[in-house]
**Q** 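My questions will all concern the structure given below.
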Amino acid sequence: MKIKQDRTVYFREDGLWVNQLNMDPWTATHHATKDDALLAAREMLKTEGGGELTQLSVDGVLEFKESVRA
């Protein structure tokens, strides 16, 4: 069985948006805009067989969750 590759997009204090794999804190990409981070996260989820995408607001509050299919 394949492990789901769930990802979270959140804002970092240095002004970058992070697209991070939930199970590994070192597997992340950094982006200038939220839209770029969300696009990268969706593409990675599609490539890796699907999973859940969570997006947090600038202040860390849950904005939405969505399921992304391969």
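Residues take their numbers from the sequence shown, with the count starting at 1.
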**Q** With Glu43, which residues qualify under side chain to side chain donor-acceptor pair (under 3.5 Å), at least two apart?
**A** none

**Q** Quick check: closest heavy atoms across Thr27 and Arg7, and the distance to 0.1 Å?
**A** O-NH2, 3.9 Å

**Q** List the atom pairs, with distances to 0.1 Å, where a side-chain N or O of residues 33-42 and a protein N or O form a donor-acceptor pair under 3.5 Å, not counting sequence neighbours.
**A**
unit_1 : atom_1 : unit_2 : atom_2 : d
Thr33  : OG1    : Asp36  : N      : 3.0
Thr33  : OG1    : Asp36  : OD2    : 3.1
Arg42  : NE     : Glu66  : OE2    : 3.2
Arg42  : NH2    : Glu66  : OE1    : 2.9

**Q** Would you please name every residue forming a side chain to side chain contact (heavy atoms under 4.5 Å, CB included) with Phe11, sequence neighbours left out?
**A** Trp17, Val58

**Q** Give the intermediate values and the outcome of side chain to side chain contact (heavy atoms under 4.5 Å, CB included) for residues Met23 and Asp6.
**A** CA-CA 8 Å; Met23 60 187 272; Asp6 297 341; over 6 Å; no

**Q** Could you pull out all residues at least two apart from Thr29 that satisfy side chain to side chain donor-acceptor pair (under 3.5 Å)?
**A** Asn19, His31

**Q** Show which residues join Val18 in its hydrophobic cluster (side-chain heavy-atom contacts under 4.5 Å, direct or indirect), or state none.
**A** Tyr10, Leu56, Leu62

**Q** Between atom NZ of Lys46 and atom CG of Leu53, what is the distance when rounded to the nearest 0.5 Å?
**A** 11.0 Å

**Q** With Asp14, which residues qualify under salt bridge (charged side-chain N to carboxylate O under 4.0 Å, His left out), at least two apart?
**A** Arg12

**Q** To the nearest 0.5 Å, what is the distance between CD on Gln5 and CE on Met44?
**A** 10.5 Å

